[in-house]
Protein chains: 2
Amino acid sequence: MMGAVSATGGYLKGRLRRQDILGAAIEVYAEAGYHGSSLREIAKRAGITHAGLIYYFPTKEALLAAVLEHRDTQDADRERFATTPPGREVLRRFITLAEHNVRNPGVVDLYARLAAEAVAADHPAHEYFQRHYRTARDIALKSFQALADRGELRDGVDPNATAVAFIALMDGLQVQWLTAAEDVDLVGILKSFVDNVLTSPLD
Amino acid sequence: MMGAVSATGGYLKGRLRRQDILGAAIEVYAEAGYHGSSLREIAKRAGITHAGLIYYFPTKEALLAAVLEHRDTQDADRERFATTPPGREVLRRFITLAEHNVRNPGVVDLYARLAAEAVAADHPAHEYFQRHYRTARDIALKSFQALADRGELRDGVDPNATAVAFIALMDGLQVQWLTAAEDVDLVGILKSFVDNVLTSPLD
DNA sequence: CCTACCGATCGGTAGG
DNA sequence: CCTACCGATCGGTAGG
C-alpha cells in the first residue's frame, strides 16, 4: 500500500516539482537575467531549498538548458510555423505571436533579457540564440521569397533584407515596449511594416 | 614646491584616473552587464584596488551614472543630431552612427546589455533608457514628419510608426549582429529600410 | 589611494 | 528532498 502509493506519487510529484521549478526559473530569469538570478531565489518560489533544486537540476546551467528546451518543445506555435506553407499565412502567425506576447510580458522579458546576455560567446545560451535567430530568419525569408516570386512584394523590396529586418524589428520593439509600454504600439507597428512591403495589405 | 606640484599633479592624476576607471567600466559593462560586473574587476583593469575605485565613485550605482553621463556629454553626435534640421540629413546621420557602431562593437555591446537589463523598473538605468528611447524616437519622428510634409514619403507610410520602427530596428539589428555578425549586414538593412519608405533613395 | 575587514550571498557538495 | 557546510566573491566601511 504505502509502497505503491509513494512510488507512483513520487513519480508524479517529481514531474510536478520539475514543472514548478521551471516555472519559477522562467519568472526569475525574466526579472533578473540568467547571471543575475540565484538558485536560492528560484528554489524559494518553487517551495523548496536550493539544495533541493539541485537534486532535480544538477547545475545552474542544466536548469537554463531545461528552461530553453521546455519552451521549444512546449511552444506549439513553433511547429505550426514549420508546417504552414510560406506566404501571407506565416506572416499572420508572426503577428498572432506578437499579440500573444503582448498579453504575456513575462515571456517577452525572458527572451529579451537572455538574448542580450547571450550575445557573449561564452554564455551558456549563446548557441541556442544563434540557432534561434537563424531559424526565425529562415522562416521569414521563405515567406518573403515566396511572396516575391508571386509578385506580391513591392518593387525594389529585397526578401532577404526584409526577413532580417522583420525579426530585428520584433526584438527591438519588445525591448522598447518593455521599457515604456504606453509609448509603443508593438502589434500595430509590426503590421504596418508588413503592409508596407506588400503590394496589398496582409488581411 | 612639493605642494604646488602635488596639488596640480594630483588634480590631473585624479582626472586621468577617473578616465581610466570609466573606460574600464564601459569595457566590463559591455562584457557582463551592470549587475554581472564587479567593482573589483573594473578596478583591476584600471590598475587600482576596488577600495581605490570607491574613493573616486562612492557606490556601484554612482559609477554607472557617471558612465551614462560621460557617454551623453562626450557623444558629439548627439549634439549634431539636435542641430541638424529634420529631414534626410538626420537619417543619414543615423546611418553614419550605425557605421561607427559596427566599427566599435564595445559600444554596441554596452548599450544592448544595459538596455535589456534596464527594462526592469527598479534598475538604476531604467529612467535613463526611457529618456534615451523617447529622445531617439522624437528625433526620428521629426525627420519622417518633415519628409511627409514635403511629399517625400511613399503613400500610406505613417511617420509615427516609421519612427518607432526605425529605432526598434536599429536596436534589434544590433543584438542579432552581436550574436552572429557574419549573418547580418546591419548598415545595409538599415539603408534599405529607409529607402523603402522614401519616394527616392537616401543618397 | 591601500590594507584589512565586515556581513551577505553565491553555486555546489556531503551525508543522510 | 533537507541540514549543514565549503570556498569564493560581492559591495561597502574603517582607518590611515
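Chain naming here is simple, since letters A, B, ... match the order of the sequence lines and numbering starts at 1 in each.
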Worksheet item: Rounded to the Å, how far apart are I42(B) CD1 and dT9(D) C1'?
Response: 14 Å

Item to complete: Find the distance E61(B):CD to dC10(D):C1' and express it as a whole number of Å.
Response: 15 Å

Practice prompt. Between dT3(C), dT3(D), dG11(C), spot the one nearest the side chain of T49(A), thanks.
Written response: dT3(D)

Discussion item. Rounding to an integer number of Å, can you tell me how far I54(B) CD1 sits from dC6(C) C1'?
Written reply: 13 Å

Fill in: 5′-ward residue of the pair A51(A)/S38(A) relative to DNA chain C
S38(A)

Worksheet item: What is the distance from OH of Y55(A) to P of dG11(C), rounded to the nearest Å?
Response: 21 Å

Worksheet item: Atom CZ of F57(B) to atom P of dG12(D): distance rounded to whole Å?
Response: 14 Å

Discussion item. Regarding R45(A) and E31(A), does a basic nitrogen lie under 4.0 Å from an acidic carboxylate oxygen?
Written reply: yes

Worksheet item: H35(A) NE2 to dC10(D) P: how many Å, rounded?
Response: 13 Å

Fill in: Crowding at CD, E127(A) (>12 non-hydrogen neighbours, <6.0 Å)
no

Fill in: Heavy-atom neighbours of E89(B) CD exceed 12 at 6.0 Å
yes

Discussion item. Taking the minimum atom-to-atom distance to the side chain of K60(A), which one of dG12(D), dG11(C), dT3(C) wins?
Written reply: dG11(C)

Discussion item. In whole Å, I'd like the distance from the CG atom of L39(A) to the P atom of dC5(D).
Written reply: 21 Å

Worksheet item: For K13(A) and dC2(D), what is the distance between atoms NZ and C1' respectively, to the nearest whole Å?
Response: 12 Å

